[in-house]
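For ligands, and for the atoms within them, numbers begin at 1 and follow the listed sequence.
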Amino acid sequence: MDVLYASCEMVPLVKVGGLADVAGALTHALTDRGHRVRALLPLYEPVRERLSAHEMEAIGELTIEMGDGPVRGRVHRGRLPEHGAELLLLECARFFDRPDPYVDPATGRAWPDALLSHTFLCRGVLEVCRILDWAPEIVHLNDHQTALAAALLRGKNAPPALRQTATLLSIHNLGYQGIFPEDPVASGEVPRLLTEMGIGEALYRGGGPLAFHGRINLMKAGLQLADLITTVSPTYAREIQTDELGFGLGGLLRARADRLVGILNGIDTTRWDPLRDPLIPHNYGPSDFRGKERNKVRLLETMHLPPEPRVPLFGIVSRLVDQKGFDLLGEVLESALDVLDLRLVVLGTGQREHEECLQALARRFPDRLAVVIGFDEPLAHLIEAGSDFFLMPARYEPCGLNQMYSLRYGTVPVVHATGGLADTVEEFVVHTGRGNGIVFDAYTPQALRAAIERALALYRRTRAFKRLVAQIMRIDHSWGRAAEAHEGAYARARALRTAELEG
Ligand code: ADP
Ligand code: GLC
């Protein structure tokens with residue numbers, strides 16, 4: 001199949017969270033299976049730095065009329081060694097010459113022109129097809145930044161050449177929808193914003209797909225008009241149809257339930273393999289994991305914790321945001337560090353209040369808790385390799401990749417039963433040998449505390465614990481199954497599109 005895959009993140013070029021891992025691995029897996037996949041990304045500064053000039057070739061120019069005049073861009077073709085998919089990089093000085101896709105590092109806040117840069121990218125999807133004289137069979141969009149393209153492909157001004165092209169929108173996180181203006185009381189700005197986008201008012205007027213309680217909602221437009229919607233786990237596909245986790249779009253998703261499929265993400269087992277991982281000091285595998293203990297010692301050293309490898313060590317690598325359960329953890333951590341015999345290492349960046357709360361606790365318990373604020377790929381791998389347990393108390397988690405990395409690294413996941421965490425982790429029962437981690441159901445401090453205590457009790461049963469470690473390292477979450485499921489989804493999206501054109 002001929003696929004245009006559009007995303008704002010993709011490893012190894014630019015990464016904020018799991019979307020980057022998924023975009024890199026899925027496009028690679030599909031290419032390996034014989035499909036022609038072209039991955040379209042904005043040419044952000046880190047992307048430019050990673051692709052030296054000779055790995056990039058300019059193939060065309062484009063001009064997009066926006067409310068305040070023409071915005072010019074350029075399209076480059078690129079390739080990555082060892083990655084089959086062709087890259088299409090959209091250059092635009094005004095919108096993409098920046099170090100981060102979403103946040104201005106100078107202010108710590110979202111880029112103020114996010115609506116316009118997303119609009120430029122989505123209009124760019126159509127332009128790129130024109131430049132390549134290409135009508136892909138599938139345009140696969142990811143999250144709200146690219147969602148508008150699904151609407152533009154069905155709008156009045158859609159290029160006739162792309163009429164047959166089917167669209168698929170993947171929801172990686174419905175908590176971020178691209179709602180503008182950000183402030184609900186500023187809804188009077190909507191007409192001005194529509195003018196600046198330069199797409200006319202048709203998609204908004206009269207309760208159109210873009211309209212959402214008097215504001216513009218990019219995700220909604222895409223969800224309403226995409227031929228097929230996927231999300232990143234079966235449980236999350238059900239949860240987003242509820243009022244609580246639908247974040248205002250639950251009703252729309254219930255109405256389109258027959259177009260919504262949950263496909264659990266895979267993990268890239270070439271990047272995340274304890275036997276070959278170049279980012280950890282000691283490689284190991286399920287039949288001999290002494291290397292794991294050495295990694296633990298190295299991790300304790302790196303984090304300036306006392307060298308006590310017999311004490312159970314928990315790890316966290318996460319964006320430090322409400323979604324990930326840091327409010328809950330905040331309620332439990334102080335007393336847990338005070339009375340339980342455990343160590344915790346945390347790597348992450350995010351909301352100031354969570355960063356500060358963790359740092360304050362680390363000052364209070366310098367021998368028990370170590371916190372690194374920042375984004376650090378090698379340290380993320382060392383934490384996976386060196387910890388005994390990996391803690392993910394997320395309030396909601398569409399898929400979550402770290403619990404799957406943890407399983408592969410023999411690090412027992414301790415998770416809240418939500419979304420993809422519920423689909424991949426099952427409570428371990430010593431006497432039956434079933435299960436692969438520790439799971440708590442209620443999102444309460446008591447339930448989290450009890451889960452941590454179950455983990456500690458399990459750790460004390462050394463033989464059972466070691467058996468579990470060996471067992472979970474053999475669980476296969478590689479991309480084969482998920483890539484196949486995407487092929488099925490693509491075929492279905494095409495069939496739906498064809499039926500619509502004929503009917
Ligand atoms: P999300 O996409 O919601 O952040 P996922 O679990 O899907 O959650 O993916 C997060 C990815 O980002 C993982 O690969 C994780 O290791 C990585 N990651 C998150 N925070 C950091 C950090 N501070 N340093 C390095 N890697 C990080
Ligand atoms: C989002 C979700 C996360 C998921 C990732 C990749 O960032 O928060 O749960 O694993 O996308 O799909």
Side-chain angles (χ1 to χ4, degrees), residues 5 7-12 14-27 100-103 140-145 169-177 219 230-237 239-240 245 247 262-269 271-272 277 279-280 315-326 345-351 354-355 358 371-385 387 390-409 411 413 415-416 418-425 477 479 482 486:
Y5 186 95
S7 165
C8 286
E9 302 177 40
M10 182 171 148
V11 290
V14 55
K15 169 164 171 170
V16 177
L19 171 58
D21 296 26
V22 170
L26 175 58
T27 53
D100 183 279
Y102 314 129
V103 172
H140 185 161
L141 305 163
N142 292 279
D143 275 349
H144 73 268
Q145 296 86 0
L169 173 58
S170 293
I171 304 172
H172 295 266
N173 193 336
L174 199 59
Y176 304 88
Q177 296 181 3
M219 188 72 121
T230 66
T231 189
V232 289
S233 69
T235 295
Y236 193 58
E239 289 171 340
I240 53 179
L245 290 179
F247 294 104
I263 303 175
L264 187 73
N265 285 329
I267 58 169
D268 184 340
T269 46
R271 278 173 191 283
W272 293 92
D277 189 339
L279 298 176
I280 60 175
I316 291 181
V317 179
S318 179
R319 292 183 292 117
L320 302 180
V321 296
D322 293 340
Q323 177 207 338
K324 301 290 182 180
F326 288 96
V345 296
V346 181
L347 166 65
T349 54
Q351 288 165 230
H354 298 311
E355 297 182 354
L358 286 164
V371 176
V372 170
I373 301 297
F375 194 93
D376 185 335
E377 194 93 34
L379 184 56
H381 284 243
L382 181 60
I383 292 177
E384 286 290 5
S387 304
F390 198 91
L391 194 53
M392 298 179 81
R395 187 166 83 75
Y396 74 93
E397 188 67 85
C399 178
L401 300 173
N402 276 307
Q403 80 281 14
M404 294 192 268
Y405 300 148
S406 298
L407 291 169
R408 195 167 171 83
Y409 281 69
T411 303
V415 307
H416 175 220
T418 180
L421 299 175
D423 289 336
T424 50
V425 187
H477 279 299
W479 265 98
H486 278 87

Using every non-hydrogen atom in the two residues, find where Ala482 and Gly266 come nearest and quote the distance to one decimal. CB-N, 4.0 Å

Show the nearest heavy-atom pair for residues Met219 and Tyr176, with the distance to one decimal.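 Heavy-atom minimum between the residues: CE-O, 4.0 Å.
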
Could you tell me, atom by atom, which parts of ligand 2 come under 4.0 Å of a heavy atom of [X]?
X	value
Asn265	6 (C), 10 (O), 12 (O)
Gln323	8 (O)
Val22	6 (C), 12 (O)

Tell me which protein heavy atom sits closest to atom 4 (C) of ligand 2, plus the residue, atom name and distance to 0.1 Å. Gly400 N, 3.6 Å

Can any side-chain N or O of Asn402 pair as donor or acceptor with the backbone N or O of Val317 at less than 3.5 Å?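 Answer holds: yes.
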
Among Gln323, Gln403, Glu239, find the residue that satisfies the side chain to side chain contact (heavy atoms under 4.5 Å, CB included) test when tested with Glu397. Gln323

Looking only at N/O atoms, are Val232 and ligand 2 under 3.5 Å apart anywhere? no

Record the part of Asn173 in heavy-atom contact with ligand 2 below 4.0 Å; permitted values are side chain, backbone, both and neither. side chain

Polar pairs, ligand 1 vs protein, N/O only, below 3.5 Å.
from: ligand 1; atom 1: 2 (O); to: Gly18; atom 2: N; distance (Å): 2.6
from: ligand 1; atom 1: 3 (O); to: Arg319; atom 2: NH2; distance (Å): 2.8
from: ligand 1; atom 1: 3 (O); to: Lys324; atom 2: NZ; distance (Å): 2.7
from: ligand 1; atom 1: 4 (O); to: Arg319; atom 2: NE; distance (Å): 2.7
from: ligand 1; atom 1: 6 (O); to: Leu401; atom 2: N; distance (Å): 2.9
from: ligand 1; atom 1: 8 (O); to: Lys324; atom 2: NZ; distance (Å): 3.1
from: ligand 1; atom 1: 9 (O); to: Gly18; atom 2: N; distance (Å): 3.2
from: ligand 1; atom 1: 14 (O); to: Lys15; atom 2: NZ; distance (Å): 2.8
from: ligand 1; atom 1: 14 (O); to: Asp21; atom 2: OD2; distance (Å): 3.0
from: ligand 1; atom 1: 16 (O); to: Asn402; atom 2: OD1; distance (Å): 3.3
from: ligand 1; atom 1: 23 (N); to: Gly374; atom 2: O; distance (Å): 2.8
from: ligand 1; atom 1: 24 (N); to: Asp376; atom 2: N; distance (Å): 3.0

Strictly by modelled atom types, are Asn265 and His477 linked by a side-chain donor-acceptor pair under 3.5 Å?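 No, no side-chain donor-acceptor contact under 3.5 Å.
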
